[in-house]
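Note sheet for the following structure.
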2 protein chains.
Amino acid sequence: MKHFSLAEIQTWERFYRANFINSLTGFKSVSLISTKNANGQTNLGVFSSIVHIGSNPALVGYINRPLEAAPHTLANIEATKFYTINHIQPSFVGIAHQTSAKYDAAISEFDAVGLTPEYLHNFEAPFVQESQVKYGLELQEIMPIKLNNTFLVIGKIICAYLNENIIQADGFLQLEKANSMASNGIDAYYETNLHSRYEYAKPEKISQKI
Amino acid sequence: MKHFSLAEIQTWERFYRANFINSLTGFKSVSLISTKNANGQTNLGVFSSIVHIGSNPALVGYINRPLEAAPHTLANIEATKFYTINHIQPSFVGIAHQTSAKYDAAISEFDAVGLTPEYLHNFEAPFVQESQVKYGLELQEIMPIKLNNTFLVIGKIICAYLNENIIQADGFLQLEKANSMASNGIDAYYETNLHSRYEYAKPEKISQKI
């Protein structure tokens with residue numbers, strides 16, 4: 001295997017380095033985060049830095065880039081406190097990626113790319129109608145990361161929408177049956193195949209496949 | 001699609017809810033985090049909450065569970081400042097999962113499950129020899145998340161090891177060629193297939209496949 005030092009990585013051209021570093025950290029969950037502002041205008045953006053923080057309470061975080069690079073999603077969440085996270089399926093992955101373009105604040109990415117905002121059960125923020133797995137969140141905390149001016153935005157899951165046929169008997173969701181995608185790097189989208197599930201591991205014996 | 005409310009989710013049995021919530025948030029990067037303590041004893045644990053924070057500087061975060069549940073990795077990182085993150089491949093996924101068992105502090109998970117610690121180029125923390133994509137980090141910041149007593153642990157990438165044949169001309173890493181796995185939920189491991197890469201998106205036109 002080849003060794004890459006920080007000294008070498010720092011000499012690389014900016015986009016080459018960004019592609020390398022963004023894929024070095026492994027496959028990522030990728031979803032569309034949907035919000036509206038205080039006037040009801042919708043906003044939609046693709047995010048690949050979504051992280052599970054806890055199950056009870058059900059807390060989910062995402063990394064918001066510095067405000068000058070990505071202001072609208074975070075501003076809307078701060079203003080309205082509610083937002084939705086919507087999995088991406090192959091049927092709309094190209095236009096989901098397109099939401100990463102820097103549209104003016106006056107333009108809704110729903111309109112620009114051709115996705116459909118959907119309001120469900122009086123939840124305040126719009127869902128993406130095309131998405132097959134989606135959940136609604138209420139803002140809990142915005143933690144500034146001073147190291148690079150990003151933010152860890154933490155929300156609590158308030159509701160979820162999905163087809164019951166992907167739920168296994170123990171509550172596990174077969175996301176591959178819903179065709180939810182994973183991502184890698186800045187711009188690559190993947191389909192997945194289940195390899196294995198394992199028992200809860202205990203020190204006395206090696207965990208076996210379920 | 002079926003609607004699941006927070007009120008309903010809160011009534012569920014604990015493991016059912018944990019499986020549901022952990023898979024609702026989508027596919028995850030999963031890796032082994034390797035450390036040693038001040039006396040040189042090694043520790044290894046599987047983590048699925050690794051999140052890209054920035055490319056320049058190259059910052060990576062992971063969520064460490066509350067100290068009473070997962071004390072050793074974080075204590076070692078605090079004590080020694082250096083750690084490694086090692087992708088998981090199918091050839092050792094079962095024993096990688098086994099590192100999630102609660103071993104005594106006196107036992108190294110490397111020995112308990114049968115993986116090989118490897119010291120490379122004088123980097124202070126051990127790598128997992130069996131892993132085909134791995135990188136070394138220096139601790140930058142530990143941010144307590146008071147909402148549920150977890151921690152966002154942020155490190156800077158100092159070095160990386162991988163086979164050059166997975167690097168594309170633009171720096172993107174074809175992780176599927178290295179057989180790096182993704183995870184879902186608490187205990188499921190996935191292989192992946194590249195679906196598509198897309199151009200850098202601009203407002204003027206819909207981004208096309210690369």
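Proteins get letters first, then strands, A, B, ... in listed order; numbering begins at 1 in each.
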[X] portion near chain B, given a 4.5 angstrom heavy-atom threshold:
X	result
A/K102	both
A/L120	neither
A/K205	backbone
A/I210	side chain
A/E8	neither
A/Y103	both
A/L59	side chain

Got a donor-acceptor contact below 3.5 angstrom from the A/N19 side chain to the B/D170 backbone?
->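 It does hold such a pair.
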
Answer with side chain, backbone, both or neither: which region of [X] has an atom nearer than 4.5 Å to a non-hydrogen atom of chain A?
X	value
B/E199	backbone
B/H87	side chain
B/Y198	both
B/I154	side chain
B/I63	side chain
B/L175	both
B/V51	side chain
B/I166	neither
B/A7	neither
B/H52	both
B/S31	neither

With rounding to the nearest 0.5 angstrom, report the [atom1] to [atom2] distance, [X] to [Y].
X	Y	atom1	atom2	answer
B/N56	A/R17	CG	CZ	4.0 Å
B/L173	A/N22	CG	CG	10.0 Å
B/H97	A/K209	NE2	NZ	12.5 Å
B/I157	A/L24	CD1	CG	5.0 Å
B/F15	A/S55	CZ	OG	11.0 Å

Can you tell me if NZ on A/K81 sees more than 12 non-hydrogen neighbours from other groups inside 6.0 Å?
->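 For A/K81, atom NZ is crowded (more than 12 foreign heavy atoms under 6.0 Å).
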
Check the pair A/I145 / B/M143 against side-chain contact (heavy atoms from CB on, under 4.5 Å), numbers first and verdict last.
-> CA-CA 9 Å; A/I145 299 174; B/M143 294 174 61; 3.9 Å; yes

Any side-chain heavy atom of [X] within less than 4.5 Å of one from [Y]?
X	Y	answer
B/V93	A/S196	yes
B/M1	A/E164	no
A/S29	B/T25	no
A/H195	B/M181	yes
B/I50	A/F27	no
A/E176	B/Y190	yes
A/Y200	B/I186	no

Could you give me the CA-CA distance, side-chain angles and deciding distance for B/Y189 and A/T192, then say whether side-chain contact (heavy atoms from CB on, under 4.5 Å) is met?
-> CA-CA 10 Å; B/Y189 299 86; A/T192 67; over 6 Å; no

Taking every non-hydrogen atom, the tightest pair across B/R197 and A/A188 = CG-CB, 3.6 Å

Answer with yes or no after comparing the ring centroid distance for B/Y161 and A/H3 against a 6.0 Å cut-off, counting only values under it.
->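 Ring-ring flag for B/Y161/A/H3: true, centres closer than 6.0 Å.
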
Apply the test side-chain contact (heavy atoms from CB on, under 4.5 Å) to residues A/F172 and B/N184: give CA-CA distance (whole Å), side-chain angles for both, the deciding distance (0.1 Å), then the verdict.
-> CA-CA 9 Å; A/F172 174 77; B/N184 176 21; 3.4 Å; yes

Applying side-chain contact (heavy atoms from CB on, under 4.5 Å), run through B/F4 and A/I158 and close with a yes or a no.
-> CA-CA 9 Å; B/F4 299 89; A/I158 300 294; over 6 Å; no

